[in-house]
Each structure stands twice: as C-alpha cells, then as structure tokens.
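Numbering of ligands and ligand atoms starts at 1, following listing order. Model, not experiment: these values are computed from the prediction. Numbers here are sequence positions counted from 1.
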Amino acid sequence: MGKIRAAISGVAGYVPDGVITNQDLEQMVETNDEWILSRTGIKERRILRDPTKATSDMAVEAIKVLLAQKAISPEEIDMIIVGTVTGDYVFPDTANLIAHKIGATNAFGFDINAACSGFIFSLVTASKFIETGTHKKILVVGADKMSSIVNYEDRATCILFGDGAGVVLLEPDTEGVGIEDSILRADGSGSQFLFQKAGGSLHPATAETVKNKEHFAYQEGRVVFKAAIKGMSDSIREIMKNNELSQDDIDYVIAHQANKRIIHGVADMLGFDKEKVLVNIENYGNTTAATIPLCLRDFESKFKKGDRIILTAFGGGFTWGSILLKWAY
Ligand code: COA
C-alpha cells in the first residue's frame with residue numbers, strides 16, 4: 001500500500017442572497033465603481049442580511065450540499081475544522097455548533113484563527129489527522145461573515161469584504177493523489193496592520209470601544225498589499241523548489257482572493273500564465289477564510305484527476321503559506 005495522503009474528495013460552497021454592488025457603495029461612502037474595480041477587481045459582494053444567522057449557518061448550507069453530493073451521512077464525519085475570524089461566539093467554537101446543527105454526532109472539531117490564511121491552515125492541520133490514519137472523513141470549512149466586523153463608513157475596508165462559506169471533504173488516498181507538501185508561516189510583528197482592536201482580552205467590549213468603532217476590522221492596506229505579494233510568492237517559490245517543480249508542472253494556482261492586483265502581482269513575479277491563476281473575486285470580494293474553497297467550487301469542473309494545484313494565502317497575523325496537491329477526481 002502506498003503512503004496515505006489526504007485528498008480533497010469533494011467541495012461545496014454557499015454565499016448569501018444579499019448583494020452590495022460598487023454602485024451601492026457609492027451611496028454609502030466617498031468612492032466609485034471605477035476606483036474599486038481598477039484597484040481591487042471587485043464588482044460585488046454577498047451579504048448575510050438575516051440578523052438571526054451567522055457564520056455557522058452559511059457553513060451548514062455549504063456542508064448540506066457537500067454531504068448530498070457525496071451521499072454520506074453526517075454520522076460518518078469524524079472531524080470538523082473551521083477557519084474563521086467571525087465565529088458565531090468568542091466561545092464555543094463554531095465547529096461545535098456546526099457539528100450539532102448538521103447532526104455530526106461522531107465528530108469533534110475546533111476553529112483556527114488565521115484570518116485569510118484560515119482555510120489553508122485548517123487544511124494542513126486536517127491532513128495530519130488523515131495521514132496518521134486516525135481520521136477518515138474530515139470537513140474542512142472556510143467561512144466568514146465579514147459584514148459583522150466591517151465598518152460601512154470606512155471606505156478603506158468596506159469595499160473589500162463579503163460573506164461566504166466553503167467546505168471540502170478530506171479523505172485518505174493511497175493511489176498518489178492528495179496533498180503532497182505544505183509551507184505555513186506566521187509573523188506576529190505584522191499584527192497591528194490588519195486586526196480587530198477590541199473584543200478580545202486586551203480590550204474587552206466597553207461603551208468606549210463601541211463608540212470608537214474598535215470592533216471593526218482595521219487595515220493599513222498598502223503595508224498588507226506588499227506583504228501579501230511577498231508572502232504568497234515566496235512560499236510558492238519555496239514549495240516548487242523543494243519539490244523540483246517548474247511553472248510548467250503546475251496546472252493551477254488558487255490564491256486567496258484579496259485583491260486582483262495582488263493575485264496578478266504574484267503571477268507576474270513567478271512567471272505564471274494568467275490562465276493558470278484562477279480569479280473569482282469580482283463576484284464575492286474578499287470572504288476571508290472562504291475565498292479558496294469558493295474558488296475550488298467555482299472552478300471544480302476545470303480540474304482533472306492528477307492536476308497539480310498550488311493553494312496560497314496571506315492574511316492578518318501576519319499568516320501565510322502554500323499547499324501543493326494533486327487533484328483527486
Ligand atoms: N474609493 C476611492 N478612493 C479611495 C478609496 C476608495 N474606497 N480608498 C482609498 N482611496 C484613496 C486614498 O485616499 C488615496 O488617495 P490619495 O492618493 O489622495 O491619498 C488613494 O485612493 C490611494 O490609496 P491607497 O490606500 O494607496 O490605495 P491602494 O492602491 O493601496 O489600494 C487597497 C487600497 C485597500 C485596495 C489595497 O491597499 C489593498 O488591497 N490592500 C490589501 C488588502 C487586503 O487584501 N487585505 C486582506 C488580507 S490579505
């Protein structure tokens with residue numbers, strides 16, 4: 001029997017019905033469609049408007065589709081890992097809520113807080129449980145209700161983010177497909193450039209923190225922009241070198257969808273054809289941990305068994321990294 005690898009055996013996603021277009025934003029802050037489109041590539045974002053619904057509910061919708069596609073019951077799931085920065089509560093973990101809502105009574109799980117790198121951090125973590133043989137069916141979720149932490153009076157951030165959820169099923173494979181390698185990195189010295197100031201144990205919620213709008217995402221865009229291009233391209237270069245691969249050996253690159261200029265900047269730095277670098281940011285904006293699984297869902301029909309794909313992300317923390325995998329179906 002070959003080495004056990006963790007393979008993505010299915011993917012699904014969910015975005016809410018509510019839409020905020022660039023034209024809508026023109027009515028809310030001093031901005032315009034041309035600026036947003038040329039600086040970010042975003043045309044619209046989906047927003048979860050129902051105040052009784054949260055991140056777990058979007059994830060549940062995505063998981064229902066996936067379980068139906070794969071014809072498996074929730075009791076067969078043995079683990080759920082959720083990349084998110086907008087869990088339903090500070091505690092308990094959203095993974096617990098999701099397990100309860102879908103009836104995954106044999107699963108345990110937890111959340112991973114790595115911002116826009118949340119999905120790749122979760123996928124690598126899950127892969128280790130598969131590779132050791134202890135777990136057979138893991139749901140890896142990337143989901144964020146960014147509208148719950150976006151200040152719609154701040155044009156520097158409100159144009160960027162949207163809500164959504166994506167999920168993959170991770171299963172063991174011994175036929176040579178699945179996750180081949182990964183590089184994950186973190187640098188806490190970047191924490192102040194992209195973060196939510198209040199609501200944690202350093203600055204718990206007070207009337208003052210609410211008044212000062214410190215429960216929203218804060219970002220210094222230019223610093224993050226440069227660090228994102230560097231982090232993603234460095235980790236892709238390193239993973240290709242470690243595996244003795246050239247650009248011709250890679251079928252697709254799926255980068256965290258933060259900004260079309262960042263994605264194309266990475267492609268240009270590494271000399272990848274633009275057709276290999278998949279982009280769907282125009283429809284959803286930056287959905288934080290959900291962008292990569294939503295991209296996998298949207299472009300799933302392109303992939304063939306054995307295709308070599310690189311997933312790469314950069315996010316608050318700072319956190320970043322890349323995953324090299326062979327598509328399994
Ligand atoms: N509409 C119109 N003008 C805007 C604007 C908006 N929404 N936001 C900023 N501007 C203005 C600025 O005030 C500035 O004006 P000035 O030149 O008169 O001072 C000008 O546009 C350029 O601002 P700048 O912040 O330098 O723009 P940018 O090219 O860096 O683009 C971001 C801003 C946020 C789109 C970009 O920095 C970015 O995408 N950063 C990374 C964000 C990200 O991906 N984060 C998620 C985690 S990876």
Taking [atom] as the reference point, the nearest protein heavy atom with its distance:
atom                    : result
atom 33 (C) of ligand 1 : Trp35 CH2, 3.9 Å
atom 42 (C) of ligand 1 : Gln219 OE1, 3.3 Å
atom 32 (C) of ligand 1 : Asn259 ND2, 4.6 Å
atom 44 (O) of ligand 1 : Ala258 CB, 3.0 Å
atom 13 (O) of ligand 1 : Arg155 NH2, 2.8 Å
atom 46 (C) of ligand 1 : Asn286 ND2, 3.3 Å
atom 23 (O) of ligand 1 : Arg222 NH2, 4.0 Å
atom 40 (N) of ligand 1 : Gly221 O, 3.0 Å

Would you say that Ile250 contacts Val253 through its side chain, given a criterion of any heavy-atom pair below 4.5 Å between the two side chains?
yes
When you compare the side chain of Thr291 with that of Tyr284, does any pair of heavy atoms fall below 4.5 Å?
no
Pick out which of Leu169, Ile130, Thr125 makes a side-chain contact (heavy atoms from CB on, under 4.5 Å) with Ile138.
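In the set Leu169, Ile130, Thr125, the residue that makes a side-chain contact (heavy atoms from CB on, under 4.5 Å) with Ile138 is Ile130.
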Which atom pair, heavy atoms only, marks the closest approach of Ala289 to Asp144?
N-OD2, 3.0 Å
For residues Cys295 and Gln257, report the shortest heavy-atom separation together with the two atoms involved.
SG-NE2, 3.7 Å
Co-members of the apolar cluster containing Tyr218 [side chain, <4.5 Å]:
Phe195
Answer with yes or no whether Ala228 contacts ligand 1, where contact means a heavy atom under 4.0 Å from a ligand atom.
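No heavy atom of Ala228 comes that close to ligand 1.
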Determine whether the aromatic ring centres of Phe314 and Phe318 lie less than 6.0 Å apart.
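So the answer is yes for these two rings.
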Aromatic ring centroids of Tyr252 and Phe303 under 6.0 Å?
yes
So, regarding Thr31 and ligand 1 (criterion: nitrogen or oxygen to nitrogen or oxygen, under 3.5 Å), is there a contact or not?
yes
Ligand 1 N/O within reach of Arg39 N/O, cut-off under 3.5 Å:
yes
With heavy atoms under 4.0 Å as the rule, classify the contact between Leu194 and ligand 1 as side chain, backbone, both or neither.
side chain
Under 4.0 Å from a heavy atom of Arg261: give me the atoms of ligand 1 that qualify, with their elements.
28 (P), 29 (O), 31 (O)
For atom NZ of Lys101, decide whether the heavy atoms of other residues, nucleotides or ligands shown that lie under 6.0 angstrom number more than 12.
yes
